[in-house]
Amino acid sequence: MHTAQAMDSGRRGRDLAVIESPGRLMGLAAPLVGGVVIAAGGQAALLLIAVGLTLAALVPARRIGGNETIS
């Protein structure tokens, strides 16, 4: 099911804004945070943080399972 179809038509714009806003804000903040991390600890620190976040993201992804179909 498409996301827009699952939402109430009267609140669709607001709901989509709530869903999309955090990702867009992270896209704006990521270069600043990355620059601060590199300045403080070097590129190795940034790599370790990226690896840690990736491993942390595997936990909920593993719990979701792979037997669901998306249409």
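Under the side-chain contact (heavy atoms from CB on, under 4.5 Å) criterion, Leu53 pairs with Ile49, sequence neighbours left out.
Through chains of ILVMFWY side-chain contacts below 4.5 Å, Leu47 is grouped with Val51, Leu55, Leu58.
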For residues 15-37, tabulate all N or O donor-acceptor pairs below 3.5 Å that involve a side-chain atom, not counting sequence neighbours.
residue	atom	partner	partner atom	Å
Asp15	OD1	Arg11	NH2	3.2
Ser21	OG	Ala17	O	2.6

